[in-house]
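Here's the structure we're looking at; comments come further down.
Numbers here simply count residues along the sequence, with the first being 1. Every heavy atom of this structure was used, including side-chain atoms; hydrogens, water molecules and symmetry mates were not.
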Amino acid sequence: MDDRTLEALGLSEAPREHPLIYPGAWPTESGLLHQNRYLRLKAMENRRLAKWMVEQPPGGFRAGKTGDGPVPLNYALMSANQTLVGDRFPVISVGSNACPAQLRHKMEGLGVSSTIPMVKARVTGIGIGVSAYVSPLGYVSSSPFHTPGLSRDLFITWLDAAQLEIVDASEGISDPDGEYDRVLLPPEDFPMALESGELLGGAYLYVHRYGVLHDGSGDPVRIPASASFSPSCSRSPVSSESGSGTHPRSSAHGPAGTGSSARRAPVCSPTRDV
């Protein structure tokens, strides 16, 4: 029995097709999204992500081969003719981009591979709020805000260049009327640790241009397990104005909602320390 299909795992519905389920079902563990499967990805202590072990699908990753036991992630990607870890872009997900079915829907709808490592990480400094905007698809999306000292588990997707371009387009970062900017979070302000103990040297994050909803007292509304939200709201802007330094950085604001050193991230070379 193939129990790693998205259907078997309850991960097969995409919010783009079913807006009322936003943000969609998230996995419970790190994995490799590959075709219609979410394959277990096991952290290897003190090893970089490329050497984590991933289970093989029936038939293996290469045509004509038989899958027999876990293999290193980079070996799996190479066998499947996919971009290796070191040439991918780490992107933190706070909403539907952590839903495997949503990622598959975005990629395969445009003829791009949906093979994506999805890795749990302990991230410090990010809260999840409700964007002050109703999307054209009918849901109110999640948006991050700065919460110094708060640590939580979030998924980081490792996207190749083509996948990143599709997600960028879906978030409207190149559109003057788009909803999001993509910013690069510096590790000194936003520590990010993988289950293996590896510390990341930075990761990208989509930040909503309209900010997040307030609860009436000036504090951001934090997303509960399930709720509906009124589009009539006050706004807490998370700006994308240029700050000092030579690299795109973000200190996206939370409760105060004033000021920021965040800058829009250019499409550039992926981080090489992962």
Test log, rule side chain to side chain contact (heavy atoms under 4.5 Å, CB included), inputs Glu7 and Asn36: CA-CA 8 Å; Glu7 289 80 7; Asn36 189 38; 2.8 Å; yes
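- Between Ser151 and Thr124, the shortest heavy-atom contact is OG-OG1, 2.6 Å.
- Between Leu150 and Ile126, every side-chain heavy-atom pair lies at or beyond the 4.5 Å cut-off.
- For the pair Tyr38 (side chain) and Gly31 (backbone), a donor-acceptor distance under 3.5 Å is present.
- Of all non-hydrogen atoms in His214 and Val221, the two that sit nearest each other are O-CG2, 3.4 Å.
- In terms of heavy atoms, Pro57 sits closest to Leu39 at CD-CD1, 3.8 Å.
- We find the NE2-OG distance between His208 and Ser143 to be 6.0 Å, quoted to the nearest 0.5 Å.
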Verdict with reasoning, Glu179 to Ser131, per side-chain hydrogen bond (donor to acceptor under 3.5 Å, both in side chains): CA-CA 9 Å; Glu179 299 174 43; Ser131 69; 5.6 Å; no
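- Under the side-chain contact (heavy atoms from CB on, under 4.5 Å) criterion, Pro70 pairs with Met53, sequence neighbours left out.
- Without hydrogens or angle criteria, Gln56 side chain to Gly69 main chain gives a donor-acceptor distance under 3.5 Å.
- Shortest non-hydrogen contact noted between Ala8 and Asp3 is CB-O, 3.8 Å.
- Among Thr115, Leu11, Thr157, Leu6, the single residue meeting the side chain to side chain contact (heavy atoms under 4.5 Å, CB included) criterion with Leu33 is Leu6.
- Partners of Glu108 according to the side-chain contact (heavy atoms from CB on, under 4.5 Å) rule, which considers only residues two or more places apart in sequence or in another chain, are Arg104, Ser114.
- Here the side chain of Glu45 pairs no donor or acceptor atom with the backbone of Gly197 at under 3.5 angstrom.
- In this structure the side chain of Glu171 never reaches within 4.5 angstrom of the side chain of Ser141, judged on heavy atoms.
- In this structure, the side chains of Val183 and Leu185 come closer than 4.5 Å at one or more pairs of heavy atoms.
- Note that CD of Gln102 is 10.5 Å distant from OG of Ser93, once rounded to the nearest 0.5 Å.
- Asn74 contributes a side-chain N or O that, together with a main-chain N or O of Val85, makes up a donor-acceptor pair within less than 3.5 Å.
- Within a 6.0 Å sphere centred on CD of Glu55, heavy atoms belonging to other residues, nucleotides or ligands number more than 12.
- Using modelled atom types and a 3.5 Å distance limit, the side chains of Ser30 and Glu195 yield a donor-acceptor pair.
- Within the 4.5 Å cutoff, the side chain of Leu194 has heavy atoms near those of the Leu200 side chain.
- Val207 has its side chain within reach of Pro144: a pair of non-hydrogen atoms, C-beta onward, lies under 4.5 Å apart.
- In this structure, Thr147 contributes its side chain and Gly127 its backbone to a donor-acceptor pair below 3.5 Å.
- Annotation for Pro90 and Arg88: closest pair CD-O, 3.8 Å, computed over non-hydrogen atoms.
- Under the 30°/60° scheme for interplanar angles, the aromatic rings of Phe190 and His146 are found to be tilted.
- Side-chain contact between Val54 and Val71 is present, with at least one heavy-atom pair separated by less than 4.5 Å.
- Residues Val91 and Tyr206 meet the side-chain proximity criterion, which asks for heavy atoms closer than 4.5 Å.
- Side chain of Lys120 to backbone of Thr28: a donor-acceptor contact under 3.5 angstrom is found.
- Shortest non-hydrogen contact noted between Arg209 and Asp175 is NH1-O, 2.7 Å.
- Side-chain contact between Phe61 and Leu32: present, with at least one pair of heavy atoms (C-beta onward) separated by less than 4.5 Å.
- Looking only at distances, a side-chain donor or acceptor of Tyr22 sits under 3.5 Å from a matching main-chain atom of Ser142.
- Remark: side-chain polar atoms of Trp158 are not paired, donor with acceptor, to backbone N or O of Leu84 under 3.5 angstrom.
- We find the CD-CG distance between Glu29 and Asp153 to be 13.0 Å, quoted to the nearest 0.5 Å.
- Residues Tyr180 and Asp168 have side chains that never bring a donor and an acceptor to within less than 3.5 angstrom of each other.
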